[in-house]
Amino acid sequence: MKGSKGRSTISVHAGEHLDKATGAVNTPIYQSSTFFFPTGDRRTWDGEVPDGSFIYTRYGNPTVAAAERKIAELESGKRCLLFATGMAATSTALLTFLRSGDRLVSQEDIYGGSYNLMRYHLTSLGIDVQFAPTADTGAFIEAIVPGTKVVWLESPTNPLLKLVDYPEIIKAAHEQGAMVFIDNTFATPINQRPLEKGADLVMESGTKYLGGHSDLLAGAVITDGLDLEPVARKRIVLGGAMDPLPAFLLERGMKTLALRMRCHNQNGMAIAEYLEDHPRVDGVHYPGLESHPQHSLATRLMSGFGGMLSFEVKGGRREAERAMASMKLVKMATSLGGVESLVSMPLNSSHAALPPEERARLGIRDPLLRLSVGIEDVEDLKEDLDQALRSSA
Ligand code: PLP
């Protein structure tokens with residue numbers, strides 16, 4: 001199906017497991033930790049074996065495999081591996097390819113969990129971790145010195161929606177013999193597909209847009225040219241495999257991925273424009289706005305700008321807290337990418353661990369709120385944001 005069908009068709013149909021016994025049109029939930037394995041069976045312990053049979057769910061499971069096939073096609077890849085969480089996917093991939101003495105180059109602005117893993121855990125294993133400026137491509141490329149093994153990127157970033165010129169960085173990294181891994185969680189394969197631009201591996205937190213309903217945890221890594229077998233073996237050993245029930249929910253949720261993303265893109269743009277003109281807002285960060293400093297790069301890299309944005313409430317921390325607490329339809333909660341709109345304050349959530357001077361250096365000011373714009377009627381969202389902002393003064 002790869003290359004010949006549109007993303008909506010892929011979202012609905014790719015990976016489907018056709019149950020020969022019943023003819024069920026949906027992928028069954030194979031809620032079994034183990035599979036019949038008679039004496040004398042010559043199958044190897046490699047997970048999914050050539051005849052499509054399975055041994056033990058930590059190695060592979062038919063419901064999980066169906067979701068993996070769908071994600072691989074959505075990202076224009078050849079193979080996907082699913083994990084229990086996004087962090088299990090990230091840590092297993094990085095621990096597969098990095099050894100003591102290897103150099104990893106990443107960005108100053110990445111998801112806090114990935115930063116924590118790299119800054120404190122990978123360095124403790126003797127891996128040389130460097131963080132380069134996100135939006136300064138020249139300075140970033142300078143950090144990719146000979147001997148760099150992996151470059152880890154995230155675009156757009158959390159919470160300021162900065163972009164990375166990843167096609168340029170991929171070119172430079174490959175010249176130095178380094179691999180490029182990209183966290184595509186904010187954009188999703190509907191809005192950008194880094195494997196098509198030469199990335200070696202894509203990571204997705206399936207907890208967010210792929211699942212889309214804030215009811216599961218999942219992580220995925222996807223490759224086109226790069227051999228994923230070493231990651232599959234590491235997944236078996238580290239044990240971050242996915243359970244069949246959330247895999248079913250994920251595969252079912254992804255059937256509406258393209259449809260949902262169209263609405264997230266529309267609502268995200270409409271809310272960004274609305275907030276930009278609001279008298280109680282000081283600035284909006286959204287790659288679809290012409291005022292975004294990397295808007296032209298965004299139009300080159302993305303086919304839609306998504307549902308994530310952040311904005312500063314006029315005043316300070318107190319006013320922003322008041323606005324957030326006054327929202328009724330939009331719920332105060334961390335996470336993102338679900339059908340419902342959520343608001344959070346980076347100062348006391350995703351970036352609470354950073355010292356104030358470090359937050360200031362990254363441009364994360366106290367009154368900044370992050371909004372995950374859902375698929376509700378946009379006029380209802382505007383009304384809720386307006387009453388909340390007015391009561392923040
Ligand atoms: N990457 C990004 C951009 C995220 O926002 C998150 C979670 O918030 C993760 C990775 C980690 O995903 P998970 O919570 O599924 O482990």
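Residues take their numbers from the sequence shown, with the count starting at 1. Just so you know, ligand 1 is whichever comes first in the structure, and atom 1 is the first atom listed for that ligand.
Checking S214 against E340 by side-chain atom types alone, a donor-acceptor pair falls below 3.5 Å.
Below 4.0 Å from some heavy atom of G86 lie the following atoms of ligand 1, by number and element: 12 (O), 13 (P), 15 (O), 16 (O). Atom numbering of ligand 1 starts at 1 in the shown order; those under 4.0 Å from a heavy atom of A218 are 15 (O).
Residue contacts with ligand 1: F186 is placed with no nitrogen or oxygen under 3.5 Å of a nitrogen or oxygen of the ligand (distance criterion only). The N/O atoms of S205, backbone and side chain alike, include one that comes under 3.5 Å of an N/O atom in ligand 1.
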Output side-chain donor-acceptor pairs under 3.5 Å for residues 81-90, partner residues at least two apart or in another chain, one line each.
{"unit_1": "T85", "atom_1": "OG1", "unit_2": "M87", "atom_2": "N", "d": "3.3"}
{"unit_1": "T85", "atom_1": "OG1", "unit_2": "A88", "atom_2": "N", "d": "2.9"}
{"unit_1": "T90", "atom_1": "OG1", "unit_2": "G86", "atom_2": "O", "d": "3.1"}

Mind listing the side-chain donor-acceptor pairs of residues 136-151 below 3.5 Å, one per line with the distance, residues two or more places apart or on another chain?
{"unit_1": "D136", "atom_1": "OD1", "unit_2": "G138", "atom_2": "N", "d": "3.4"}
{"unit_1": "D136", "atom_1": "OD1", "unit_2": "A139", "atom_2": "N", "d": "3.1"}
{"unit_1": "T148", "atom_1": "OG1", "unit_2": "V145", "atom_2": "N", "d": "3.3"}
{"unit_1": "T148", "atom_1": "OG1", "unit_2": "V145", "atom_2": "O", "d": "2.6"}
{"unit_1": "K149", "atom_1": "NZ", "unit_2": "F97", "atom_2": "O", "d": "2.7"}

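Residue-level proximity to ligand 1 for S335 is absent, since no heavy atom of it falls below 4.0 angstrom.
With respect to atom 16 (O) of ligand 1, the closest heavy atom belonging to the protein is M87 N, 2.9 Å. Protein heavy atom in closest approach to atom 1 (N) of ligand 1: D183 OD2, 2.7 Å. At the shortest separation from atom 5 (O) of ligand 1 among protein heavy atoms lies Y111 CD1, 3.7 Å. Of the protein's heavy atoms, T207 OG1, 2.6 Å lies nearest to atom 15 (O) of ligand 1.
Note on E358 versus R119: no salt bridge recorded, every NZ/NE/NH1/NH2 to OD/OE distance being 4.0 Å or above. The residues K5 and E73 are annotated as not salt-bridged, no charged nitrogen and carboxylate oxygen being separated by less than 4.0 angstrom. Using a 4.0 Å cut-off between charged nitrogen and carboxylate oxygen, R233 and E229 count as a salt-bridge pair.
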Inset, instruction - Please test Y30 against H17 for ring-ring contact (aromatic ring centres under 6.0 Å, His included), starting from the C-alpha separation and ending with a verdict. - result: CA-CA 11 Å; Y30 288 93; H17 176 102; 5.3 Å; yes
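Of the candidates K208, M203, E154, K208 brings a heavy atom nearest to atom 8 (O) of ligand 1.
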